[in-house]
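This report concerns only the one structure given below.
When a residue number appears, it is its place in the shown sequence, counting from 1.
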Amino acid sequence: MARKHIAGLDALRTLAIVLITLFHIFPEIFAGGYIGVCLFLVLTGFLLAYGGACEHKSGNFGVLRYLAKRLKRLYPPLLIVILITVGLYHFLLPGVLEDSGKEIVSILLGVNNWWQLAMNADYFARVVNASPFTHMWFLGVEIEYVLLWLPLFGLCIFLKQSHTPLLLFLFGIISAGMMALMAIQGVEIGRLYYGTDTRIFACLFGGAMGLWFAKQEGELYGDGLSSVRNGILFGVLLIPVLVATFLLRGQYPFLYEGGMQLLTLIFCLMLFLVINDPRLGNWLEMSVFKWIGGHSYEIFLWQYPVIFFFQRKGWHDLPYGTALEILLILILASWSKEVPPVIFKLKLPFHGEDLTRRLPRYTFALVTILSAVVMCFGMRDVLASDFNPEHKPGYRLKMELEEKQAALAKAQAERAAREAEEAEKIRTAQEKLAARLRGLGVTMIGDSVMVGASPSISEIMPDAYIDALSSRDVCEGFEVAQKLQQEGKLSDIVVVALGTNGPLLEYEPYAGGMQNLLNVLGTQRQIYWVTVYCSYSEWMAMNNQYLAELEKARPNFHLIDWYPLAKSNPDWLYSDGTHPNMEGAYQYAKLIHDTLSQKLSAE
């Protein structure tokens, strides 16, 4: 008979959601916290297999019953989170989710992981796709496995063999091997991380354990002495998990060539200790673990919308910003956990007639009613989205930047014809300074942020040579600088605006590209580098810190500090939180001009 509650599972859920939440809030500190997803997938596979096997033994398993149970658990909280998020963003962050319809459809259909992969193949879609629903890729894998489990379980029933757990484990080995093989062959990391075929080995390993546990029919082996030993072993297994949480960044090839597979097996061992030793499970049955574990799904759903909102508003870095984020996530998780039972049972929580019990009931009812109103706005915005399949996220921005790119190419041609004539007119130092402040003798190399600001730059510094291109990273920047040097167009003053589309150090090929670019620019030219602002980039802080270190280490290296201005003036940016709008483009160009003016006037 299936146990209604397996002691210790909530502690494992707590471990998983804490790791994931810490990674989302403090990605630089808990760089490997994403591994909590592996533990969630193991638990999903285990519970589906164990519950299904026990129900089949008792004759209660049915496909419709199975699907209804999963739908009831997954979708009501999901719909609440999506619609409230879209509704609140309509008022508080207008424009950010104006075309979120296709993304939300992919979430509800359970294919968001593949949708994100398709969108990330396009630069503009990738930038704008930084959304409060980015974490829903995991739900795609989860829903896809929920559906896949039906034929898998049917196969296990058909075989009627005691070694069906081994069969699932072998399927898991195939999935894990696919990830490793594809990583060795150089397949893009995103494909390995988001792909269902390369991630479900964790579910399959958990499923094998679930079938095995169901066959034990409650024959557990814990006693006082073995439970102490198992507790010590459980603590030992936590050590590599904690080490990975702090050190194992998602860009490391080792993660996909065997690291994630190894960590998943460690999680399986931790699960085995808990389910096979009820004493250990009871030791882990702390109230805080039971609450967090019981709300782990809701906590997961709410965390990205809240964190994303705080970052876009600039509240994340306030003294108590992160504490408020965590508190709000927990409050929303607690509230949204109670809403579905109210809907299905038409019965308010917090029963009782005294004032101290009635007040929470009325507060809950009021919040729920207000939330329903907000959800209506969310539904309206979703239905009003652009559902044209040819229009990827960032479609409008892409069209605008392409127009500016064409205008920039025309301006470069006109500048080349004007440069020789301008140089002949310069005789005095004052005339030379004035010419430089117009951009004569200044070369600019940048990405789409500079493309977006190029009309304003050309207006303020009409003689500057601007070579900017969308989606450019530091490796391509090196190639451009090398080409300009060969053509004699690399001036003594170079303004660089790169770092939005990838890191500048630590990971290859970016670290090599950065060093090559610095070598080409040399030590004689004056290098002015615009700091990075991309509101939801995992490498923004790392890149800006590295640029600050370069300014201290190299006398010819100077910062043009766009980051604090962009961060404190979000209304200067488009809804993607990265590219400057008309006002932002003017401020961006003015900052470059003013920084050069201050430095050159001091010479």
Side-chain angles (χ1 to χ4, degrees), residues 436-437 439 441-454 456-457 460-461 464-485 489-507 509-535 537 539-567 578-580 584-585 587-600 602-603:
R436 283 195 162 187
L437 295 181
V442 177
T443 301
M444 299 190 183
I445 301 172
D447 53 26
S448 60
V449 177
M450 183 173 278
V451 171
S454 60
S456 295
I457 296 174
I460 295 177
M461 304 178 68
Y465 183 88
I466 306 172
D467 192 315
L469 185 66
S470 296
S471 193
R472 179 178 284 168
D473 60 29
V474 70
C475 300
E476 295 166 352
F478 154 64
E479 295 172 358
V480 170
Q482 192 175 44
K483 179 174 177 291
L484 292 175
Q485 185 182 46
K489 296 178 180 178
L490 195 61
S491 305
D492 292 336
I493 298 175
V494 181
V495 177
V496 184
L498 297 172
T500 303
N501 303 302
L504 300 177
L505 74 165
E506 192 165 347
Y507 310 119
Y510 304 106
M514 181 67 182
Q515 290 305 313
N516 289 335
L517 175 57
L518 291 175
N519 290 339
V520 169
L521 297 179
T523 57
Q524 300 305 310
R525 291 184 178 88
Q526 296 300 307
I527 305 167
Y528 294 83
W529 202 296
V530 183
T531 55
V532 180
Y533 187 80
C534 183
S535 63
S537 165
W539 49 72
M540 176 180 68
M542 179 174 63
N543 284 353
N544 287 336
Q545 181 180 352
Y546 177 53
L547 293 174
E549 293 171 358
L550 284 176
E551 185 179 38
K552 294 178 181 178
R554 292 173 172 251
N556 68 322
F557 192 97
H558 318 283
L559 292 185
I560 299 176
D561 211 357
W562 170 243
Y563 169 80
L565 279 177
K567 182 179 180 181
T578 300
H579 294 91
Q587 296 295 342
Y588 185 91
K590 184 175 182 296
L591 176 65
I592 293 175
H593 175 273
D594 291 350
T595 304
L596 289 176
S597 175
Q598 182 180 1
K599 293 285 186 181
L600 295 174
E603 290 181 356

How many angstroms lie between atom [atom1] of [X] and atom [atom2] of [Y], to the nearest 0.5 angstrom?
X      : Y      : atom1 : atom2 : result
Met461 : Ser597 : CE    : OG    : 9.5 Å
Lys567 : Thr531 : NZ    : OG1   : 11.5 Å
Gln587 : Ile592 : CD    : CD1   : 12.0 Å
Met514 : Tyr546 : CE    : OH    : 4.5 Å
Ser448 : Asn501 : OG    : CG    : 5.5 Å

Min side-chain heavy-atom separation [X]-[Y] under 4.5 Å:
X      : Y      : result
Leu498 : Leu517 : yes
Val496 : Tyr528 : no
Leu521 : Gln485 : no
Leu559 : Leu550 : no

Tightest non-hydrogen contact, residues Ile460 and Ala589, listed as CD1-CB, 3.8 Å
Between Asp447 and Arg472 the two heavy atoms that sit nearest each other are CB-O, 3.6 Å
Below 30° counts as parallel, above 60° as perpendicular, anything between as tilted: where do the rings of Tyr533 and Tyr563 land?
tilted
Problem set entry | Option from Ile445, Leu596, Ile527 for which side chain to side chain contact (heavy atoms under 4.5 Å, CB included) with Val495 holds |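 Considering Ile445, Leu596, Ile527, a side chain to side chain contact (heavy atoms under 4.5 Å, CB included) with Val495 is found only for Leu596.
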